[in-house]
K.L.:
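Encoded as structure tokens, here's the structure I'll be asking about.
In the text below, chain A, chain B and the rest are named by the order of the sequence lines, each starting its count at 1. The figures here come from the full heavy-atom set of this structure, side chains too, leaving out hydrogens, waters and symmetry mates.
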2 protein chains.
Amino acid sequence: MATIKDVAKHANVSVATVSRYLNKKGYLSKEAEQKVKEAIGALNYKPNSVARSLYHKTSKMLGLVIPDITNPFFPELARAVEDVALTYGYTVVICNTDEDIDKEKHYIEALKSKYVDGLIIATHELSEKDYLDLGIPLVMLDRTIGEAIPSVRSNNREGAKLGTKYLIEQGCQFIAHVRGPLTIKTAYDRYLGFKDVVDQHQTRHEIVESAFDIDESKQKILKILNEYPEIDGIFTSSDVMAVGALKATQSLGLHVPEDIQIIGFDGIPLGEMLIPSLTTISQSIYKMGTLACRLLIKQIEKKPLEELHFVLETELKIRETTRGE
Amino acid sequence: MATIKDVAKHANVSVATVSRYLNKKGYLSKEAEQKVKEAIGALNYKPNSVARSLYHKTSKMLGLVIPDITNPFFPELARAVEDVALTYGYTVVICNTDEDIDKEKHYIEALKSKYVDGLIIATHELSEKDYLDLGIPLVMLDRTIGEAIPSVRSNNREGAKLGTKYLIEQGCQFIAHVRGPLTIKTAYDRYLGFKDVVDQHQTRHEIVESAFDIDESKQKILKILNEYPEIDGIFTSSDVMAVGALKATQSLGLHVPEDIQIIGFDGIPLGEMLIPSLTTISQSIYKMGTLACRLLIKQIEKKPLEELHFVLETELKIRETTRGE
DNA sequence: ATGAAAGCGCTAACAT
DNA sequence: ATGTTAGCGCTTTCAT
């Protein structure tokens with residue numbers, strides 16, 4: 001691979017001149033410009049990012065820290081981040097932490113030593129201080145952590161209200177809510193939204209807790225359906241959980257949506273592929289990703305942020321697991 | 001961030017000594033070792049990867065070039081690659097090319113200028129020469145391209161035979177095959193396998209072509225089902241296409257598997273989540289990823305490869321879209 | 001056993 | 001307008 005020296009030699013100028021050409025900085029005669037341009041073409045020269053990084057302490061790399069790319073919520077998000085990163089000339093490195101604090105630390109350390117320019121964090125492991133101490137631009141995705149770190153998330157509580165309300169409108173008299181782990185704020189907000197509505201309407205309800213996991217959700221629902229066969233509506237804290245619900249009702253010989261209606265949360269592509277397709281509270285996943293990435297790049301480029309915390313509205317996507325009009 | 005100089009100063013030794021300690025190379029007195037160790041601890045020193053990269057022309061980074069992480073085949077693959085990469089201390093950068101040759105070239109260029117150590121390629125854009133000219137270790141995933149570049153793929157033809165045979169065993173008399181784009185070798189092999197079996201059994205059949213896309217597949221199937229209502233079996237070239245088939249049969253009021261049986265190909269997690277769950281020819285996706293990554297790292301570490309081309313067997317996963325025993 | 005110094009490829013301050 | 005050079009943080013050869 002040709003270096004800047006080779007180009008300088010070939011063009012009969014100094015490396016500084018080549019560098020000026022490359023960065024369009026400082027004075028440069030038309031003539032020199034022409035010679036350099038030719039040399040670069042002739043040698044097929046490409047600037048070496050590593051050398052640039054070493055000098056600038058910057059890498060044009062972004063880190064995306066997520067629990068697991070295999071969770072259907074994240075591919076679309078990752079895609080969104082990557083799409084805008086590409087636009088601005090950044091490369092993104094995805095880190096699967098499996099919600100393991102050591103793994104997360106390991107990755108962040110590795111990225112820092114590569115001069116990563118910023119991080120989008122979609123996990124719930126470290127504390128605000130840990131993140132702030134990193135000393136690099138950050139965006140929290142799907143949660144806020146203190147006021148200082150910019151964030152992008154959905155209005156989970158309102159979304160949950162939307163879904164619960166719709167279930168009641170469709171005639172549900174006894175609704176089960178499968179909520180996510182208590183430690184996860186997102187899941188807690190959805191629980192709160194559910195609670196708001198059932199309390200207000202004095203709707204009979206039961207709440208179970210489950211990991212965002214299809215099988216655990218199925219088991220929990222089987223259990224509660226067994227205990228309360230009158231349940232005629234299920235609102236789950238995620239679409240994956242709703243699949244578990246669907247499996248459970250199916251194995252019980254229940255018809256959806258005739259006997260029991262189901263609403264999920266997330267709006268992952270899977271929902272549309274199911275038969276029956278899943279009614280859900282859809283988050284603007286792609287938009288969350290692009291927004292987070294733009295926020296991050298703005299910080300990296302030291303542009304002012306007129307707003308730090310973004311809350312996106314959710315949308316009720318009526319499909320086949322509810323009765324419809 | 002502390003540098004090697006800081007550590008040297010703190011420990012009252014030269015940077016060379018610190019470097020020797022870091023790399024466990026060359027002579028080092030117990031005493032010096034102790035001092036350096038302390039200094040590193042005290043300063044919380046972490047070696048800078050960028051500086052190392054510049055010297056070694058190596059980055060401990062791997063590139064994974066795929067069409068689109070949003071395609072449900074790839075998250076599991078990416079996960080597998082990352083898991084083994086992590087074990088060996090590598091970081092992986094995922095590149096979504098959208099099957100766009102310019103995007104692929106752009107990414108590869110960017111990675112090269114970052115001294116990426118190797119590439120796993122799961123796209124079909126560039127030629128063997130293009131790849132060879134890169135001059136870095138490579139593994140082809142899901143296809144072979146010449147003899148020189150190591151590869152990992154499934155035995156697609158045998159897999160297709162397995163599926164087609166099973167459909168016939170289950171009583172199908174008229175089978176439709178939705179094949180993938182002709183340009184994709186993988187899809188072609190599956191088509192060949194299908195053809196092998198229907199020809200041998202003189203089974204009535206029809207073939208349509210579709211992108212690996214749910215809606216297009218649905219439309220194509222709707223059309224052929226309309227033309228030949230006697231079709232009682234569908235074998236698709238991917239699971240996503242099979243979802244299209246399921247949607248099509250459902251919209252026609254057909255019962256699966258009673259009226260018509262369906263078999264997909266891939267074994268993506270989605271298949272299990274569907275209701276009815278999808279009978280499919282399952283590839284060992286995770287294994288393909290780990291194998292490819294190990295192969296790549298072996299090359300990077302200049303270890304001999306006893307074998308260059310790996311063909312993994314597929315497995316028939318009998319679920320609910322076929323009649324079963 | 002340890003240190004000084006060159007060099008990886010690039011940028012920018014300084015000199016001319 | 002252009003060139004010389006120090007330095008980014010690290011590794012390694014060569015002295016000592």
K.L.:
Classify A:V50 by what it touches in the nucleic acid, base, sugar-phosphate, or nothing, heavy-atom distance under 4.0 Å.
P.N.:
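Result for A:V50 = nothing.
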
K.L.:
How many whole angstroms separate atom CD1 of B:I4 from atom P of C:dA5?
P.N.:
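Going from CD1 in B:I4 over to P in C:dA5 covers 17 Å.
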
K.L.:
Walk along DNA chain D from 5' to 3' and tell me the first and last nucleotide with an atom closer than 4.0 Å to a non-hydrogen atom of chain A.
P.N.:
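Endpoints of the contacted stretch of DNA chain D: D:dA1 to D:dG9.
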
K.L.:
Please identify each residue that fulfils side-chain hydrogen bond (donor to acceptor under 3.5 Å, both in side chains) with A:T17, with sequence neighbours left out.
P.N.:
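Counting only residues at least two positions away or on another chain, A:T17 forms a side-chain hydrogen bond (donor to acceptor under 3.5 Å, both in side chains) with A:S14.
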
K.L.:
Just list the side-chain donor-acceptor pairs under 3.5 Å for residues 138-152 of chain B, sequence neighbours left out, or say none.
P.N.:
from: B:R143; atom 1: NE; to: B:T123; atom 2: O; distance (Å): 2.8
from: B:R143; atom 1: NH2; to: B:T123; atom 2: O; distance (Å): 2.9
from: B:R143; atom 1: NH2; to: B:Y131; atom 2: OH; distance (Å): 3.4
from: B:S151; atom 1: OG; to: B:H309; atom 2: ND1; distance (Å): 2.8

K.L.:
Any non-hydrogen side-chain atom of A:I108 less than 4.5 Å from a side-chain atom of A:L134?
P.N.:
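Sidechains of A:L134 and A:I108: in contact.
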
K.L.:
Using whole Å, what does the distance between atom P of nucleotide C:dA1 and atom NZ of B:K35 come to?
P.N.:
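For the pair B:K35 NZ and C:dA1 P, the rounded distance is 15 Å.
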
K.L.:
Give each protein N/O atom lying under 3.5 Å from an N/O atom of nucleotides 6-8 of chain C, with the pair distance.
P.N.:
from: C:dC8; atom 1: O3'; to: B:K57; atom 2: NZ; distance (Å): 2.7

K.L.:
According to the side chain to side chain donor-acceptor pair (under 3.5 Å) rule, which pairs have a member within residues 22-31 of chain B, sequence neighbours left out?
P.N.:
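Residue pairs passing side chain to side chain donor-acceptor pair (under 3.5 Å), neighbours aside: B:S19-B:N23.
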
K.L.:
Separation of A:R52 atom CZ from C:dC10 atom C1', in whole Å?
P.N.:
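Interatomic distance, CZ of A:R52 to C1' of C:dC10: 8 Å.
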
K.L.:
I'd like to know if the side chain of A:S59 reaches the main chain of A:M61, judged simply by a donor and an acceptor atom lying under 3.5 Å from each other, with no hydrogens or angles considered.
P.N.:
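Here the side-chain-to-backbone pair exists.
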
K.L.:
Got B:E306 and B:K298 here, is their nearest side-chain heavy-atom distance under 4.5 Å?
P.N.:
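Yes; the side chains approach each other to less than 4.5 Å.
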
K.L.:
In whole angstrom, give the distance that lies between atom CG of B:N48 and atom C1' of C:dG9.
P.N.:
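Rounded to the whole Å, the gap is 15 Å.
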
K.L.:
Say whether B:N48 and B:K46, considering side chains only, have a donor N or O and an acceptor N or O under 3.5 Å apart.
P.N.:
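Judged by distance alone, the side chains do not pair up.
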
K.L.:
Could I get the full list of side-chain hydrogen bond (donor to acceptor under 3.5 Å, both in side chains) partners for A:T58, not counting sequence neighbours?
P.N.:
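A:T58 satisfies side-chain hydrogen bond (donor to acceptor under 3.5 Å, both in side chains) with A:D117 once adjacent residues are dropped.
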
K.L.:
Is any side-chain heavy atom of A:P181 closer than 4.5 Å to one of A:F212?
P.N.:
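A side-chain contact exists here, since the closest heavy-atom pair is under 4.5 Å.
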
K.L.:
Under a 4.0 Å heavy-atom cut-off, which of residues 17-30 of chain A touch DNA chain D?
P.N.:
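Those residues whose heavy atoms fall under 4.0 Å from DNA chain D, taken from residues 17-30 of chain A in numerical order, are A:T17, A:R20, A:Y27, A:L28, A:S29.
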
K.L.:
Is it the case that atom NZ in B:K103 sees more than 12 heavy atoms from other parts of the structure closer than 6.0 Å?
P.N.:
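Check passes, neighbour count above 12.
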
K.L.:
Compute the bend angle of the helix from C:dA1-D:dT16 to C:dT16-D:dA1 from the end axes (five pairs per end), rounded to 10°.
P.N.:
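Computed angle between terminal axes is 50°.
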
K.L.:
If we only count heavy atoms from C-beta on, is the A:T97 to A:H106 side-chain gap below 4.5 Å?
P.N.:
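The answer is no, as the side chains (C-beta and beyond) never meet within the 4.5 Å cut-off.
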
K.L.:
Does anything in residues 73-84 of chain A form a side chain to side chain donor-acceptor pair (under 3.5 Å)? List the pairs, not counting sequence neighbours.
P.N.:
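Qualifying pairs: A:R79-A:D83, A:R79-B:D68, A:R79-B:D98, A:E82-B:Y107, A:D83-A:Y286.
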
K.L.:
Is the cationic atom of A:K60 (NZ for Lys, CZ for Arg) positioned less than 6.0 Å from the six-membered ring centroid of A:Y90 and within 45 degrees of its normal?
P.N.:
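Satisfied, under 6.0 Å and within 45°.
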
K.L.:
Among residues at least two apart in sequence or on other chains, which ones pass side chain to side chain contact (heavy atoms under 4.5 Å, CB included) with B:K129?
P.N.:
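For B:K129, the residues satisfying side chain to side chain contact (heavy atoms under 4.5 Å, CB included) (neighbours in sequence not counted) are B:S127, B:D133.
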
K.L.:
Could you work out, with side-chain hydrogen bond (donor to acceptor under 3.5 Å, both in side chains) as the rule, every residue matching A:T183, not counting sequence neighbours?
P.N.:
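For A:T183 there are no side-chain hydrogen bond (donor to acceptor under 3.5 Å, both in side chains) partners, ignoring immediate neighbours.
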
K.L.:
Under 4.0 Å, heavy atom to any atom of DNA chain C: which of residues 37-46 of chain B qualify?
P.N.:
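Heavy-atom cutoff 4.0 Å gives no residues at all.
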
